[in-house]
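Below: one structure, written as structure tokens.
Remember, it's a predicted structure, so these values are computed and weren't measured experimentally.
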Amino acid sequence: MKMLFKTAAALAAASAVAFFAGQSNAAAFSAWEVAKVPWGDTLNIRKFPSNASQKQAAYPNGAVLQMTGKCTGGIDLRDIGHLAEWKQEQRVRYRWCQVWHDPAQNGNFVTGWVYGKYIAAY
């Protein structure tokens, strides 16, 4: 019985550690906003990093996006966060960057991609 209790306690502790470790990773988003989109237009979020990819949603200038940090070309937004804003924007200008969003606004979040020319550090 003592062995069963120790095993159960060890499993409970391991589960708690795994749960909280997963939670910290889930909150590792960078906030960037939609910027420099021509008047009357919106920024399209695409399923894949390509203009030809399926459109998932569109956001106007000023909308704040949850960025995963991942951009094409191996750039990570969290690694450039210490730079001046203009330098951050310069690094992503010709890259696609991944967002975490809810296109249907029903609680089903998915990843999508935006073109870096139209986002700015928030």
Contact summary for [X] and [Y], nearest pair of heavy atoms:
X	Y	result
R78	S30	CG-OG, 3.5 Å
P60	V34	O-CB, 3.3 Å
A58	N44	CB-OD1, 3.6 Å
T72	P49	CG2-CB, 4.0 Å
I75	I80	CG2-CD1, 4.3 Å
R91	R95	O-CG, 3.6 Å

**Report entry** Flag for H101-Q56: side-chain donor and acceptor within less than 3.5 Å
**Finding:** yes

So, do [X] and [Y] sit near enough that their side-chain heavy atoms are less than 4.5 Å apart?
X	Y	answer
Q66	F109	yes
L77	C71	yes
I119	M67	yes

**Report entry** Spatial distance of atom CG (D76) from atom SG (C97) [nearest 0.5 Å]
**Finding:** 9.5 Å

**Report entry** Value rounded to 0.5 Å, distance of CG in D41 from OH in Y118
**Finding:** 8.0 Å

Between [X] and [Y], is there a donor-acceptor pair closer than 3.5 Å when you use the side chain of the first and the backbone of the second?
X	Y	answer
R46	S53	yes
D102	G107	yes
N61	V37	yes

Query raised in the report: Quick one: ring-ring contact (aromatic ring centres under 6.0 Å, His included) pairs with a partner in residues 59-96, sequence neighbours left out?
Result: W96-Y115

Query raised in the report: Is the closest basic N to carboxylate O distance between K117 and E89 below 4.0 Å?
Result: no

Query raised in the report: According to a 4.5 Å side-chain heavy-atom criterion applied to Ile, Leu, Val, Met, Phe, Trp and Tyr, with indirect links allowed, do V110 and F29 form part of one hydrophobic cluster?
Result: no

Requested in this report: Give a yes or no on whether V92 and L83 share a hydrophobic cluster (residues Ile, Leu, Val, Met, Phe, Trp, Tyr; joining criterion: side-chain heavy atoms under 4.5 Å apart).
Outcome: yes

Query raised in the report: With sequence neighbours left out, what residues match Q88 under side chain to side chain donor-acceptor pair (under 3.5 Å)?
Result: none

